[in-house]
Amino acid sequence: MKAADLHQESENGNPEWTTEDFASAHSFSSLPGSLQAKLSTRGPQKAPVKERVTMRLSPEVVARFRASGPGWQTRIDAALKEWLEIHHRV
């Protein structure tokens, strides 16, 4: 494999399959039952479950948070939590 191909593979994270990849692949049903069971179930949630909501935010707020890169929704959540701490002490 060429260095450029390796670079593309690591950049992409999900490289396109080659004929050799397809030839060496196994079907799910051909895997041992114990492995099928592990692959069929989702593991325990590592972080607390968040509630899905729909809300309208001003374009300026959304643009500013999106411009900060991946994880912008989590940063909005953190900003709201911080606001609650400051403004709504019980």
Side-chain angles (χ1 to χ4, degrees):
M1 188 176 272
K2 298 177 191 172
D5 293 336
L6 287 172
H7 176 71
Q8 179 61 34
E9 188 172 318
S10 65
E11 284 287 313
N12 188 351
N14 190 13
E16 190 170 329
W17 276 38
T18 64
T19 304
E20 294 82 21
D21 292 329
F22 280 105
S24 66
H26 298 277
S27 67
F28 182 77
S29 60
S30 71
L31 297 174
S34 59
L35 183 55
Q36 286 183 30
K38 284 184 179 183
L39 295 173
S40 296
T41 58
R42 183 177 174 180
Q45 187 91 25
K46 294 188 180 189
V49 177
K50 293 182 178 177
E51 185 176 346
R52 178 180 291 268
V53 298
T54 301
M55 61 189 301
R56 293 179 176 271
L57 300 171
S58 68
E60 299 84 10
V61 169
V62 175
R64 195 84 169 268
F65 275 94
R66 277 190 177 150
S68 66
W72 63 272
Q73 292 163 316
T74 300
R75 285 190 291 284
I76 289 176
D77 184 60
L80 290 170
K81 285 179 184 177
E82 182 180 325
W83 188 91
L84 287 172
E85 277 294 312
I86 294 168
H87 294 89
H88 289 283
R89 292 213 176 252
V90 178

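Please read these numbers as outputs of a predicted model, since none were measured by experiment. Position 1 is the first residue of the sequence, and the numbers go up from there.
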Partners passing side chain to side chain contact (heavy atoms under 4.5 Å, CB included) against [X] (at least two apart in sequence or in another chain):
X: K50; value: T74, D77
X: S30; value: H26, S27
X: P70; value: none
X: Q73; value: none

Check which hydrophobic residues are tied to I76 through side-chain heavy-atom contacts below 4.5 Å, counting indirect links as well, and list them.
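The other cluster members (ILVMFWY side chains, heavy atoms under 4.5 Å, direct or chained) are M55, L57, V61, V62, F65, W72, L80.
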Check ring-ring contact (aromatic ring centres under 6.0 Å, His included) between F22 and all other residues, then give those that pass, not counting sequence neighbours.
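Partners of F22 by the ring-ring contact (aromatic ring centres under 6.0 Å, His included) criterion, ordered by chain and then number, come out as W17.
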Determine yes or no for a side-chain-to-main-chain donor-acceptor pair under 3.5 angstrom, with R75 supplying the side chain and S68 the backbone.
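Present.
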Would E16 and T18 count as a side chain to side chain contact (heavy atoms under 4.5 Å, CB included) if you check the C-alpha gap in whole Å, the side-chain angles of each, and the deciding distance to 0.1 Å?
CA-CA 7 Å; E16 190 170 329; T18 64; over 6 Å; no
Not counting sequence neighbours, list each pair that qualifies as a side chain to side chain donor-acceptor pair (under 3.5 Å) and has a residue in residues 53-65.
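As it turns out, the side chain to side chain donor-acceptor pair (under 3.5 Å) pairs with a partner in residues 53-65, which skip direct neighbours, are S58-E60.
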With S24 via side chain to side chain donor-acceptor pair (under 3.5 Å) - residues at least two apart
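Per chain and number, S24 pairs via side chain to side chain donor-acceptor pair (under 3.5 Å) with no residue.
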Partner set under side chain to side chain donor-acceptor pair (under 3.5 Å) for S34, not counting sequence neighbours
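Side chain to side chain donor-acceptor pair (under 3.5 Å) list for S34, sorted by chain: empty.
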Spatial distance of atom CD1 (I86) from atom CH2 (W83) [nearest 0.5 Å]:
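Spacing of CD1 (I86) from CH2 (W83) equals 9.5 Å.
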